[in-house]
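Please read the structure below before turning to the comments.
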Amino acid sequence: METSRTTPQPTDVLISGAGIAGPALALWLRRFGFTPVVVERARAPRPGGQSVDLRGAARTVVERMGLMPRCRDLAVEQRGIALVDTRGRHSARLPVELFGGEGIVSEIEILRGDLAALLYETSVAEGVEYLFDDTVTALDEDAGGVSVRFENAPARRFALVVGADGPHSTVRRLAFGPEADHYRPLGGAHAWFTVDDPALARELDHWFLMYNAPGGLVAGARPGRLSGEVKAGLALREVPACLPAGRAGRAAQQRLLTERFTGAGWHTDRLLEGMHRARDFAFDTFGQVHAPHYTRGRIALLGDAGYSPSPLTGLGTSLALVGAYLLAGELATTEGDFTLAYRRYEERMRPYVTQAQQLPPGGIGGYAPHSALTIRLRALSMRWMNRWPLRPLLAAQFAKADAITLPDYPLPTHT
């Protein structure tokens, strides 16, 4: 059904994606007096996910939201990260206290699902509308706004549309072109899921344990927030061409992981058993999004949809929260001139993104080494992370989260 060409209010904004970036933007826009609507493919806020860091500028954004006390209440207790051998012995440790609490495991770690739920619940309480079990199917922009067609809901008109729908963004594909023009695979893939295993949770002793096996295999287990809960991850350096970007279906993805990890050592068989029972299994390739521009006409990209740095950097949440704050703030302070707001958003965000997308030393090869020798060298390098010459390199990597000066956007006095 075609929408009428009535001009929407300048404050009517559609946001695609209800992960971290989308609800964060919706919350800020609502506080600035806009009328945001969030559409999400899932039937409800997605549960699960690994711990995400609140570090650097992202921590400042959460503080300005007034949500830091709640985030601290939800934080997961973690002592740091440790590499383990096939018998579970620690071969290297990086305690959370190193690098001022801004290391691989930061001082404030919150489960992705908990942060997403907090942003969702807060935004709903402040009047944000959500459309679940739906997605955008067409965007038709004209001088007065954007006509949006949905898979299920009636078509509607908005002044602006923001794609915050992940690295394989539907909005980006519709408005900016094919995924191949923006998504750059780094090699390999990873899966994450929740395992209910009290014995393994006790063995973790609040450490994030990571195990490397020859052939570029990585298994991880870290504590959840609930008793007996383990947040598990399996990653592999090489994937068949028939499994692109998590599109092949859960059965094929789990079959691949089972074939590669069975008998690989440590608790990999145990994690595979838990994987088949998990309700929150997710799988994707490692990749980054490089968009020449974050905006086009009335449509903008936010978070992983516009500039995913890949999980290897640990900075995806920082980019999502900072980007949401900047985009909302610029839209609120340019008196309806969205083209100026979009330009300022990109000018402020682009240098921050460029730094964040620089991979840690070794990249995917350092994370998932192939041979037993390079696995031993990885453990050795972690033991040297707090010493010269590695400490300055790692400190520079972790400092990227704070490599931006955030403007202070005043909220309207009536909010």
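By convention here, the first residue in the shown sequence is residue 1. Here the structure is a predicted model, which is why all the values come from computation and not from measurement. Hydrogens, waters and symmetry mates play no part in the numbers below; they use all other heavy atoms, side chains included.
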For the residue pair A57 and I404, what are the closest heavy atoms and their distance? CB-CG2, 3.6 Å
So OG1 of T354 and NE2 of H290: to nearest 0.5 Å the spacing works out to 9.0 Å
Side-chain heavy atoms of W266 within contact of L209, under 4.5 Å: yes
Going by the salt bridge (charged side-chain N to carboxylate O under 4.0 Å, His left out) test, name the single residue among K231, R70, R72, R225 that passes it with D114. R225
Heavy-atom donor-acceptor pair, R378 side chain to G366 backbone, under 3.5 Å: yes
What are the two closest heavy atoms between F32 and L411, and how far apart are they? CE2-CD2, 3.5 Å
Parallel, tilted or perpendicular, as decided by the 30° and 60° cut-offs, for the rings of H168 and Y183: tilted
Heavy atoms of S310 and L359 approach each other most closely as OG-CD2, 3.9 Å
Under a plain distance cut-off of 3.5 Å, with no hydrogens placed, do D196 and T194 share a side-chain donor-acceptor pair? no
The residue among D142, D12, D140 that forms salt bridge (charged side-chain N to carboxylate O under 4.0 Å, His left out) with R157 is D142
Check ion pair E129-R156 (N to O, under 4.0 angstrom): yes
Going by atom types only, do H182 and S169 share a side-chain donor-acceptor pair under 3.5 Å? no
CA sep, side-chain torsions, deciding dist, call: E40, R46, salt bridge (Lys or Arg N to Asp or Glu O under 4.0 Å): CA-CA 10 Å; E40 166 58 44; R46 297 178 188 268; 3.3 Å; yes
Flag the pair Y325 / Y409 as yes when their ring centroid distance falls below 6.0 Å, and as no otherwise. yes
What about Y211 and F261, are their ring centers closer than 6.0 Å? no
D133 backbone acceptor or donor facing N152 side chain under 3.5 Å: yes
